[in-house]
Asker: 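Below is one structure. I have some questions about it.
Remember, predicted model here, so these are calculated numbers, not experimental data. Per chain, numbering begins at 1; letters A, B, ... match sequence-line order.
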Amino acid sequence: MTAYDVIIVGGGHNGLACAAYLARAGRKVLVLERRERVGGAAMSEEVFPGFRFSVFSYVVSLLRPEIIRELELARHGLHILPLESTLTPLANNDYLAQWADHDQNRRELARHSRRDAEAYDEFGLLLHRMARAVKPLLSTAPPDPASLDPRELLDLLRLGRYFRGLAEKDLHALWKLLTMSAADYLDEWFESEALKGTKSASGIIGTLLGPRSPGTAYVLLHHYMGELDGVFRAWGFAKGGNGSVSAAIAAAAQAHGAEIRTQAPVSKVLVSGGRARGVVLEGGEELHAACVVSGADPRRTFLGLVGEEHLPEDFVGSIRRYKFRGASAKVNLALGELPRFTCIPQNGPPHLNPIYRGAISISPSVDYLERAYDDAKYGEISRRPYMDIIIPSMLDPSMAPPGKHVMSIFVQYAPYHLNGGWSDARREQLGDTVIDTLSEYAPNLKGAILHRQVITPADIERIVGLSEGNIFQGELTLQQMFFLRPAPAWSRYRTPIHGLYQCGSGTHPGGGVMGASGRNAAFEVLGRRA
Amino acid sequence: MLQEDTPRGRTIGWVPPQLVRELALSALTIALPDPWLRVPLGDGGVLELWRDMARSVEAIGRVSARDAESWPRFCERMARLAQLLERLYVEAPPSLVDLRFAFRLRRLGRQGMEDLMRLLPMPVAELLDDWFESDVLKGALGAHAVRHLLQGPRSAGTAFRLLHYHAGSPAGVFRTPASNLARLLRARSAVAVREAKAARIVVRGGQASGVVLAGGEELRASLVVSAADPRRTLADLVEPGWLDPDLLRALRHIRSRGVAAKVALAFERAPDWKTLTLAPSLDYVERAYDDAKHRRVSAQPWLDLIADGKGAEVHLQYVPHEQAGDANIGALATKLLAPHAPPIAECKVLASPGNWPEGQPHQAELALDQALWMRPLPELAGYRTPIGGLWLCGQAMHPAVPGLAGYNCARAILRRA
Amino acid sequence: MLKTTPFHERTAALCASHAWRRWAGHIVASSYELTHEREYHVIRTAAALFDVSPLYKYLVRGRDAARLLDLIVTRNVLKAEVGQVLYTPWCDHAGKVIDDGTVARLDENLFRMTSAEPNLRWLQDNAAGLAVDIADVSESIAALSLQGPAAWSILQSLGAPPLKYFRMSSASLRGIPVQISRTGYTGDLGFEIWADRVQAVPLWDALMDAGRAYGIMPAGMLALDIARIEAGLMLIEVDYVPARKALIASQLSSPFELDLAWTVNLGKERFIGREALDAEKACGPQWQFVGIELEWNSLERLYAEVGLATRLPSAAWRMSVPLYADGEQAGYATSGGWSPLLKKYIALAHLRSQSAAVGTALEMEITVEHRRKRANATVVKKPFFDPPRKKA
């Protein structure tokens, strides 16, 4: 039997990133993945013959540039294609487009509101400053504010000094972002409903909250975070889908000597004497290592793989209280032709229209999104859902057969806790709602559909193993962020079990295909500062 | 003192011992009904919460044994956190980067700190769901937490408001008392009270030098302290050009949306109880909020009533301010009360006082982004304004407890003098 | 898609170089001919016609119009006479420049403001409580600038009334209602002509026709750039960062630091930024905006050392170039170039006040054959070129 230094449970992008960093530091690492391929929710698959999909996650928004650099992901096959524009179709055949080009963007915004066009730059400048202030926190293991441990105290002081170094004005602006609703925050800046709707949509992604719920303003920052890094813009599509992100990280890990085993579901973390000793696979095989890192979410890790009998009661309480409440679904379409959004002026052939190389957002107003949330709040599928759509085959033609297209539709809200529960019929009802809503803007869509795949939060949970189908491994709300993620006093990737670490999105900073949790966790295991 | 409005009878809010001591308020009387909370149960019974912890536990036990067991622990944890607020409320708001504030937080100990960090940004519904199972209990407590706020109990930051209304009360009481504070203070001989409306605050060379009344008379003073809301004070009463345009823009964005109607009614006979809350569940309150969110009067509002003999005052939420005058509101209150109260002889919707902008008694909605160092705006949190000699002391100022902003403001002025 | 100006039909036909440049979301000609040289010389010898329509233009009307503008800009608008045009910067509350432009008093209660950046929101927000109506007329008003010694003769031949420097008046040019102001961005005798956009093409034709006898030529932005440097006129986002776009404090500039002390009227009781500017005046600005002149011999020597003849920039440059005094960096030049008229290498520069006096010896960084060198330079008086005809 081979002895490993570290066993990583789960081959999602964070688990793989963690493995790569540990292997790079010379540790003997084994990654165990339950499914037949790695990637978790960052996975590409030929769902229908000839049509490839980034099945679950579909854009690269926040993948940490240091990971791309340090793991040389470009060398391992990662190519991120920019998604630069956003189209928001509106009623009355109008639209709002946001462009990367400043002049073009200003002109389009001014068509809706001159004030907004002017405010937009100032807003961007403020969020740019805020994103700069927050950025260092993403690659920091959050210190425990109540701790007496000298190392944590030192980190706490360092953090305090960092914040005291920021202008007080910026701190107040940050506080506002953390505590306000996206709608209220945007009301301070803009008057155009379409702009506010589309901007606020970024605040609700992955969360069972509406744009008028406090705490949703913070995520507005994320759109500006990517711009800072100079590596790519805020949004991009990985050539080949997000499976390529996982594949590149896996390749980097393997190049550093990490071993990856697929179809190796872990049933238990071996714990004795308060210490992790290894894992047991579902087949009964035992694998030993001094250190086990779990990429599974906190609920699955502690209440499933570890078992509460090994954990302090307070901690179990915190994990039980940790909220998931998945609310996002995905509809993947194979199309015989491009959908034609009637609101876009049809000058020239659609395949040359830049708008199809960007995102399409069904978010005509804050009220629209809020009503979509109202349905979900009481356990129903939104009658008119929010959708974020891209057409990957326009960016990477290898995703579909020549002349054909794939369309990726992110849908909210489809609550995990659906009244009456999820069934095949409810899944199809969700698919129909999405297609019906979208057809109002692109009437040829129905006729263009060759195949349709609908993924509910229950499907996400079943297939990928994310509890309640939450795409961030737990809601990104203030009470579940930073030193409270996933539980107070246990935010530094460590756990009450000696030698057991966490590296999933359920830890700080969590969320999206970011990889920061995996990287930070690796540095914690190594006992180094990132 | 310029009195722009007819004074209200009672002052709702905690009166801290410092104030009683320093101003020798021996005649202060505090009124809080006991039970402080009375909620009808579906089966015809009532849930009553008392100042006496044991009586409350017994009452809750009739609804849920588990909740009864949780109640004392919950109250104890909340009281600990409320104590922090009590200390923070009798002084100017701390600065976000104040080390003393950080140390004070650490003195709460691990559990207190964890509670505070988790609780502040939390929806009150989540907090209550963590502790209790009874819908009636959770609904009534949740409703009280969102009083006068355009948010529902599932909105983040509302747990903080449960603490806010708890501050100053004994453990287990989550309702602010009424007092005769304002009446006592107004009656002081040292304070000259004049009924008049201010039309303009005179500024010369960046310094406040007096007030022009609506009649045109100018009163001179080297210090002007305004209890009007900051927007009116700085954007309307001060002539344009004195203030930073960015500050004015921020003032315009202070949220101050009124969400409740006040209804005065007379019963045909006096009820045998003093208070009544109709908010049967968190979902009920949340749905009431949904209507208001979309700018409608709640079809099923939650309400809270304080009775005094045959008369009563009803707080009905949510009623968007623009619709506060709606004649149907009286009928709505009557309909909702019918199963639980004696027949109603008379019913009148009361207008909100003039110094409640958009009908909001806190002048600036008490939400996390407009509380403590952010209240009402970070630039104004220290009661001073950029105009020399012009100060703010109204409800829009920290801590949004009647009298305390005035107390903190006066101390800040005296410290500078 | 970028916008075209109301004159595009004409300018596009004339633009032999196909060299266009962006200006406030529009395209305008960089030069019409294949090089901009003749276009530059026309400014100083005959008359050059520029399309300046992309400027932002606002009409401010109402009882409090003068009051609003007086609150916003640093100069005294209340005292401006009808028909007077003021060049002025405006600041934020911290006294840092947001933008610069002109305010023209068209009537007792009617003003036109021009600016480089959009300012509608700023005007509206500051107008709260005032009786004014603000209209953004950027798109509806077409603007031409006729600059050069022959400019007046051309306008006169079309029946324009005489105008003093920085005055304006309504007129009718071949039946086209226009407003003419004696203003410009070249430091020469010149006028700007404002008309409804539907009149743009006839107006262009009238001027080009009347100007033929006087040697009129359309000119592009490259020629203008040299002329404005000679005139010592700064350009937003090139010579200074507007306060609303500054990412860090050191990017901000006060009017004093931009050599605009003459525009700051501290006699006014109130205007935005007054307190800060008062304080800055008391202790003196940290920076000065000056003209510098490179020493020819030093330049020639640097090139001679590597065996080359002196090379001069073919067009005005816009970048930040370090300046040294006594070996220490004392500031930076932001735009510069060769003046074909003065036969001098000149630049506009920001210098720390202690190194900014006229006559101060400096060194400017210059790249000679891939290597960084320092050429001698001197602080000189601005404007570099100031013909009497400008104001005569």
Asker: Taking side chain as everything from C-beta outward and backbone as N, CA, C, O, which of these in B:Arg106 sits under 4.5 Å from a heavy atom of chain A? Side chain, backbone, both or neither.
Answerer: side chain
Asker: Between B:Glu379 and chain A, which part of the residue has a heavy atom less than 4.5 Å away: side chain, backbone, both or neither?
Answerer: neither
Asker: Salt bridge (Lys or Arg N to Asp or Glu O under 4.0 Å) for B:Glu114 and B:Arg110? Distances and angles first, verdict last.
Answerer: CA-CA 6 Å; B:Glu114 285 176 11; B:Arg110 171 170 290 280; 2.9 Å; yes
Asker: Under 4.5 Å from any heavy atom of chain A, what part of B:Arg257 do you find: side chain, backbone, both or neither?
Answerer: side chain
Asker: Heavy-atom distance under 4.5 Å to chain B: side chain of A:Tyr185, backbone, both or neither?
Answerer: neither
Asker: Where does A:Ala217 contact chain B at under 4.5 Å (heavy atoms): side chain, backbone, both or neither?
Answerer: neither
Asker: Got a sec: does the CG of A:Asp121 have more than 12 other heavy atoms crowding it under 6.0 Å?
Answerer: yes
Asker: Does the cation-pi check pass for A:Arg299 over A:Tyr322, that is, NZ or CZ under 6.0 Å from the six-membered ring centre and within 45° of its axis?
Answerer: no
Asker: Below 4.5 Å from any heavy atom of chain B, which atoms of A:Leu484 appear? Answer side chain, backbone, both or neither.
Answerer: side chain
Asker: Looking at A:Lys176, A:Lys377, A:Arg320, which makes the most heavy-atom pairs under 4.5 Å with chain B?
Answerer: A:Lys377
Asker: Can you confirm if the aromatic rings of B:Trp373 and B:Phe101 lie within a centre distance of less than 6.0 Å?
Answerer: yes
Asker: Counting only heavy atoms closer than 4.5 Å, note whether A:Leu174 contacts chain B via side chain, backbone, both or neither.
Answerer: neither
Asker: What verdict does the ring pair (Phe, Tyr, Trp, His ring centres under 6.0 Å) test give for B:Tyr89 and B:His398, after you've listed the backbone C-alpha separation in whole Å, the side-chain angles of each residue and the deciding distance to 0.1 Å?
Answerer: CA-CA 7 Å; B:Tyr89 279 6; B:His398 171 81; 5.6 Å; yes
Asker: Any salt bridge linking B:Glu76 with B:Arg80? Criterion: basic side-chain nitrogen under 4.0 Å from a carboxylate oxygen.
Answerer: yes
Asker: After noting the C-alpha distance and the side-chain angles of B:Arg100 and B:Glu91, does the key distance pass the salt bridge (Lys or Arg N to Asp or Glu O under 4.0 Å) rule?
Answerer: CA-CA 13 Å; B:Arg100 276 175 315 172; B:Glu91 48 190 65; over 6 Å; no
Asker: Decide yes or no on ring pair (Phe, Tyr, Trp, His ring centres under 6.0 Å) for A:Phe190 and A:Phe123, but give the supporting numbers first.
Answerer: CA-CA 9 Å; A:Phe190 304 115; A:Phe123 177 79; 5.1 Å; yes
Asker: What residue, out of B:Arg154, B:His294, B:Gln370, B:Met117, has the most heavy-atom pairs lying under 4.5 Å from chain A?
Answerer: B:His294
Asker: Quick one: what part of B:Phe160 sits under 4.5 Å from any heavy atom of chain A, side chain, backbone, both or neither?
Answerer: neither
Asker: For B:Asp283, is it the side chain, the backbone, both or neither that has a heavy atom under 4.5 Å from a heavy atom of chain A?
Answerer: both
Asker: In terms of heavy-atom pairs under 4.5 Å, which option from B:Glu126, B:Met122, B:Gln151 contacts chain A the most?
Answerer: B:Glu126
Asker: Between A:Phe472 and A:Ile205, what is the shortest heavy-atom contact and its length?
Answerer: CE1-O, 3.2 Å
Asker: Going by an N to O cut-off under 4.0 Å, is there a salt bridge joining A:Arg371 and A:Asp374?
Answerer: no
Asker: Can you say whether B:Met113 sits under 4.5 Å from chain A via the side chain, the backbone, both, or neither, judging by heavy atoms?
Answerer: side chain
Asker: Determine whether a donor-acceptor pair (N or O, by modelled atom type, separation under 3.5 Å) exists between the side chain of A:Tyr368 and the backbone of A:Pro385.
Answerer: yes
Asker: Could you check which of A:Ala489, A:Ser213, A:Gly160, A:Gly215 has the highest count of heavy-atom pairs closer than 4.5 Å to chain B?
Answerer: A:Ala489
Asker: So which part of A:Ser147 gets closer than 4.5 Å to some heavy atom of chain B, the side chain, the backbone, both or neither?
Answerer: both
Asker: If you count heavy-atom pairs under 4.5 Å with chain B, which of A:Asp367, A:Thr477, A:Asp184 comes out on top?
Answerer: A:Asp184
Asker: Could you have a look at A:Glu168, A:Lys169, A:Glu370 and say which one has the most heavy-atom pairs with chain B under 4.5 angstrom?
Answerer: A:Glu370
Asker: Checking B:Arg255 against chain A: side chain, backbone, both or neither under 4.5 Å from a heavy atom?
Answerer: side chain
